[in-house]
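Data block below; observations after.
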Amino acid sequence: MAVVKETLVVRRARHAEIGSIASILRRAFQEFRPLYTPEAYALTTPDSKAIEQRWLEGPVWVAMPAGKLVGTVAAVPNKGSLYIRSMAVLPQARGKGIGRLLLAEVEREAIERGYRRMLLSTTPFLHAAIRLYEQFGFQKTLEGPHDLAGTPLIGMEKRLADSAAG
């Protein structure tokens with residue numbers, strides 16, 4: 001099921017878009033590169049081959065206003081929860097509600113599949129992303145991981161059983 005807001009479409013990614021997804025991740029995180037260890041940055045911005053492997057682990061979505069890919073998010077089942085990873089929106093497309101729509105699509109999937117919570121990890125320097133997650137109902141948790149190859153992480157969760165969607 002695709003979510004549409006005006007001319008913005010959020011839908012499942014297609015295999016042929018793997019290279020574009022890798023490009024979105026690189027471009028979205030480029031400005032933060034000095035804050036990551038080199039190893040953590042490489043894990044945060046996987047190449048096409050790594051994304052293709054992730055494809056087997058869970059769903060991947062893309063956001064497209066006017067047919068141009070500007071955002072992505074992936075999810076993977078993790079201990080009875082749906083774990084969000086690789087969420088990114090291109091810098092020029094931020095502030096337009098794209099991240100919220102991507103999260104809503106992941107939440108729809110989680111509810112549809114019977115997950116009772118969504119989890120994610122983020123770095124403490126991604127302030128705008130943390131604000132978005134908190135506005136969407138995520139709360140910081142002590143649950144790990146707390147480190148990505150030497151870069152600190154913050155765990156966040158959203159319980160679905162006792163919250164309204166989106």
Side-chain angles (χ1 to χ4, degrees), residues 1-4 8-30 32-33 36-65 67-90 93 98-123 126 129-130 132-133 136-138 141 143-161 165-166:
M1 177 174 156
V3 175
V4 179
L8 176 67
V9 175
V10 174
R11 63 160 172 76
R12 287 285 180 105
R14 298 183 181 124
H15 194 268
E17 295 167 330
I18 287 174
S20 295
I21 292 167
S23 176
I24 289 170
L25 290 168
R26 275 191 317 275
R27 292 164 54 203
F29 288 99
Q30 179 61 40
F32 303 103
R33 188 176 190 156
Y36 286 93
T37 64
E39 298 83 6
Y41 185 77
L43 291 168
T44 301
T45 58
D47 62 16
S48 295
K49 186 175 179 180
I51 291 171
E52 187 165 15
Q53 177 59 39
R54 288 180 173 191
W55 209 271
L56 305 173
E57 299 168 6
V60 179
W61 293 269
V62 292
M64 304 171 47
K68 180 175 164 68
L69 296 180
V70 298
T72 186
V73 68
V76 62
N78 180 11
K79 301 177 187 173
S81 300
L82 195 59
Y83 183 81
I84 298 169
R85 68 176 177 193
S86 295
M87 183 159 151
V89 175
L90 292 177
I98 294 168
R100 178 171 277 286
L101 286 173
L102 287 166
L103 287 172
E105 191 64 11
V106 176
E107 182 173 51
R108 186 200 58 74
E109 176 88 6
I111 291 169
E112 186 176 285
R113 301 216 179 264
Y115 292 105
R116 298 184 62 90
R117 66 187 187 143
M118 298 186 305
L119 301 170
L120 62 84
S121 299
T122 189
T123 55
L126 293 177
I130 292 169
L132 170 65
Y133 300 143
F136 199 79
F138 281 86
T141 178
E143 206 166 326
H146 302 289
D147 177 270
L148 177 65
T151 298
L153 293 175
I154 298 169
M156 299 184 82
E157 73 172 342
K158 179 175 182 178
R159 295 193 177 274
L160 300 174

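Small disclaimer: the values here were computed from a predicted structure and weren't measured.
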Quiz item: So Val73 and Val60, side-chain contact (heavy atoms from CB on, under 4.5 Å) or not? Walk me through it.
Solution: CA-CA 6 Å; Val73 68; Val60 179; over 6 Å; no

Quiz item: Where is the tightest heavy-atom contact between Pro46 and Leu43, given as atom of each residue plus distance?
Solution: CD-O, 3.6 Å

Quiz item: Is the shortest heavy-atom distance from the side chain of Leu82 to the side chain of Arg113 under 4.5 Å?
Solution: no

Self-check item: Presence of salt bridge, Arg100 and Glu105, under 4.0 angstrom
Solution: no

Self-check item: Exercise: identify the closest heavy-atom pair between Ile21 and Ala13
Solution: CD1-CB, 3.7 Å

Exercise. Could you check Val70 against Ile24 for side-chain contact (heavy atoms from CB on, under 4.5 Å), going step by step and ending with a plain yes or no?
Key: CA-CA 7 Å; Val70 298; Ile24 289 170; 5.8 Å; no

Quiz item: Are Glu52 and Arg54 ion-paired here, with the side-chain N under 4.0 Å from a carboxylate O?
Solution: no

Quiz item: Would you say Leu8 and Ile98 make side-chain contact, with heavy atoms under 4.5 Å?
Solution: yes

Quiz item: Could you state the interatomic distance from CG (Leu90) to NZ (Lys68), rounded to the nearest 0.5 Å?
Solution: 7.0 Å

Quiz item: OH/Tyr133 to CG/Leu120 distance, rounded to the nearest 0.5 angstrom?
Solution: 5.5 Å

Quiz item: Taking Ser23 for the side chain and Gly19 for the main chain, is one N or O donor matched with an acceptor at less than 3.5 Å?
Solution: no

Quiz item: Under a 4.0 Å N-O cut-off, is there an ion pair linking Glu143 with Lys79?
Solution: no

Exercise. Answer with yes or no whether the side chains of Thr45 and Arg26 bring together a donor and an acceptor at under 3.5 Å.
Key: no

Practice problem: Run the numbers on Ser81 and Arg116 for side chain to side chain donor-acceptor pair (under 3.5 Å), then give the verdict. | Solution: CA-CA 7 Å; Ser81 300; Arg116 298 184 62 90; over 6 Å; no

Self-check item: Minimum heavy-atom distance Phe29-Ala88, with the two atoms named
Solution: CE1-CB, 3.8 Å

Self-check item: No-hydrogen, no-angle side-chain donor-acceptor test under 3.5 Å, Tyr41 and Gln30
Solution: yes

Quiz item: Given the rule in the side-chain contact (heavy atoms from CB on, under 4.5 Å) test, do Tyr83 and Glu57 qualify, once you have shown the distances and angles that lead to the verdict?
Solution: CA-CA 11 Å; Tyr83 183 81; Glu57 299 168 6; over 6 Å; no

Quiz item: Does any non-hydrogen side-chain atom of Ile84 lie less than 4.5 Å from one of Phe138?
Solution: yes

Practice problem: Search all heavy atoms of Gly99 against all heavy atoms of Val89 and return the closest pair with its distance. | Solution: N-CG2, 4.1 Å

Quiz item: Ile154 versus Ile130: any side-chain heavy-atom pair under 4.5 Å?
Solution: yes

Quiz item: For Ala149, does its backbone N or O pair with a side-chain atom of Thr37 as donor and acceptor, under 3.5 Å?
Solution: yes

Exercise. Find the distance between CZ (Arg117) and CZ (Arg159) and round it off to the nearest 0.5 Å.
Key: 5.5 Å

Self-check item: Interatomic spacing from CZ in Arg85 to OG1 in Thr122 - rounded to 0.5 Å
Solution: 15.0 Å

Self-check item: Audit row: Leu153, Thr123, side-chain contact (heavy atoms from CB on, under 4.5 Å) steps and yes/no
Solution: CA-CA 5 Å; Leu153 293 175; Thr123 55; 3.9 Å; yes

Quiz item: Heavy-atom distance under 4.5 Å between the side chains of Lys158 and Glu107, does that happen here?
Solution: yes

Self-check item: Gln53: side chain to side chain donor-acceptor pair (under 3.5 Å) partners, not counting sequence neighbours
Solution: none

Quiz item: Nearest heavy-atom pair of Ser86 and Leu25: which atoms, and what distance?
Solution: O-CD2, 3.7 Å

Practice problem: Answer yes or no: is there a side-chain heavy-atom contact under 4.5 Å between Met87 and Trp61? | Solution: no

Quiz item: Side-chain contact, heavy-atom cut-off 4.5 Å: Arg11 with Val62?
Solution: yes

Quiz item: What heavy-atom pair brings Leu148 and Ala40 nearest, and what distance separates the two atoms?
Solution: O-CB, 3.1 Å

Exercise. Could you tell me whether the side chain of Leu119 reaches within less than 4.5 Å of the side chain of Met156, counting heavy atoms only?
Key: no

